[in-house]
Structure formats: structure tokens, C-alpha cells
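Read the structure below first, then the notes.
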Amino acid sequence: QVQLVESGGALVQAGGSLRLSCAASVRNSDDYAMGWFRQTPGKGREFVAGINWYGDKTNYEDSVKGRFTISRDNAKNMVYLQMNALDTEDTATYFCAARRQWTSDTDDALYDFWGQGTQVAVSS
């Protein structure tokens with residue numbers, strides 16, 4: 001089993017930056033691909049970014065490319081989402097997720113474990 005705990009959500013002005021963190025309780029021998037998703041009320045979860053175990057493969061939703069960066073520190077069992085040039089459209093609850101096998105597929109159904117989410121609000 002994997003437990004995920006997100007942190008770093010906050011209220012920020014448009015144009016600002018935030019870094020979200022995800023602490024994962026996993027055995028170091030297990031390799032998990034990780035992802036960040038976001039959700040707004042009344043909508044399904046939207047893929048934001050994904051990263052493989054080694055950190056050498058990443059993918060992003062089109063609207064965040066060039067603004068968001070996903071990274072991981074396997075020694076610390078941490079995954080990060082650096083968000084720059086934030087826009088009001090980025091306002092959502094952000095979730096960290098884990099799955100055993102990396103692919104470029106962004107379907108949330110492929111992820112096995114989820115955190116509780118952290119709230120990001122961007123004001124104009």
C-alpha cells in the first residue's frame with residue numbers, strides 16, 4: 001500500500017508561484033510512477049503532470065506546459081509540483097497519485113493510490 005500526503009496549497013495572486021509537495025510512504029524497493037491531478041467542483045479530475053520512477057520521463061497537460069514542473073526525490077520519497085505564472089484557471093484542489101507502471105497515458109483510472117488533496121486558489 002502507498003499513502004500520499006500533499007502539502008503546499010495556498011491562496012496566491014495571479015502571476016505568482018507555489019510549490020506543492022507530496023510525501024509518499026512506500027518501500028524504497030518499490031518503484032512508482034507519480035502524477036498530479038486537479039479537480040474543481042462539478043468536474044472530474046484533470047491530469048496535470050506525470051513522472052516516471054527515474055525522473056527522466058515527464059509529461060504535462062497542455063495548459064501548464066512551460067509553467068509547471070514535476071520532479072521527485074526518491075531518497076526522500078517526495079514528489080513536487082513547481083507552479084509558476086499561476087492563473088485564476090489553475091484554481092483547484094490538487095491531488096498526488098501513484099501507479100506501478102509508467103506510461104504517457106494520462107487517464108486517472110490508471111492510478112492506484114491517491115492523496116487527500118491540497119487546495120490552490122489563485123486570485124486576480
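Each residue takes its place number in the sequence, starting with 1. All of these numbers come straight from a predicted model, not from anything done at the bench.
Residues Gly8 and Leu18 share a closest heavy-atom pair of O-CD2, 3.8 Å. Minimum interatomic distance between Ser17 and Asn84 (heavy atoms only, all atoms of both residues): OG-OD1, 2.9 Å. Of all heavy-atom pairs between Ser124 and Ala14, the closest is CA-CB, 4.4 Å. Of all non-hydrogen atoms in Asp108 and Trp114, the two that sit nearest each other are O-CZ2, 3.5 Å. The shortest non-hydrogen separation linking Arg38 to Phe68 is NH1-CE2, 4.1 Å. The minimum heavy-atom distance linking Trp102 with Lys57 is given by the pair NE1-CD, 3.4 Å.
A distance of 9.5 Å separates CZ of Arg100 from CH2 of Trp53, quoted to the nearest 0.5 Å. Between the OH atom of Tyr32 and the CG atom of Asp112 there is a distance of 7.5 Å, given to the nearest 0.5 Å. Here CG of Leu4 is found 7.0 Å from OG of Ser25. Values are rounded to the nearest 0.5 Å. We find the CD-OG distance between Gln82 and Ser71 to be 8.0 Å, quoted to the nearest 0.5 Å. The line from CD of Gln116 to OG1 of Thr93 is 11.0 Å long, rounded to the nearest 0.5 Å. In this structure, CE in Met34 is found 9.0 Å from CG in Asn77, a value given to the nearest 0.5 Å.
There is a path of hydrophobic side-chain contacts, each under 4.5 Å, that joins Leu81 to Val2. Residue Val120 is not grouped with residue Phe47 when hydrophobic side chains (ILVMFWY) are merged at heavy-atom distances under 4.5 angstrom, including chains of intermediate members. Connection of Tyr80 to Val64 is not established within any shared hydrophobic cluster, with ILVMFWY side chains joined at heavy-atom distances below 4.5 Å, either directly or through further cluster members. Hydrophobic clustering, with ILVMFWY side chains joined whenever heavy atoms are under 4.5 angstrom apart, groups Phe113 together with Ile70.
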**OP:** I would like to know whether Met83 and Leu20 meet side chain to side chain contact (heavy atoms under 4.5 Å, CB included); could you show each step before the answer?
**Re:** CA-CA 8 Å; Met83 305 187 295; Leu20 304 183; 3.7 Å; yes
Original post:
Would Ser63 and Glu89 satisfy side chain to side chain contact (heavy atoms under 4.5 Å, CB included), going step by step from the backbone distance to the final call?
Top reply: CA-CA 10 Å; Ser63 71; Glu89 295 296 312; over 6 Å; no
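At least one side-chain heavy atom of Thr69 sits under 4.5 Å from a side-chain heavy atom of Tyr60. The shortest side-chain heavy-atom distance between Cys96 and Trp36 falls under the 4.5 Å cut-off. Taking 4.5 Å as the limit, every side-chain heavy atom of Tyr94 sits out of range of all side-chain heavy atoms of Glu6. At least one side-chain heavy atom of Arg72 sits less than 4.5 Å from a side-chain heavy atom of Asn74. Looking at heavy atoms from C-beta onward, Arg67 lies in side-chain contact with Asp90 at the 4.5 angstrom threshold.
At distances below 3.5 Å, not a single donor-acceptor pair connects side-chain atoms of Thr40 with backbone N or O atoms of Ala92.
Tyr111 carries Arg99 over the face of its six-membered ring, with the cationic atom under 6.0 Å from the centre and within 45° of the normal.
The number of heavy-atom neighbours closer than 6.0 Å to CD of Gln119, taken from other residues, nucleotides and ligands shown, is above 12.
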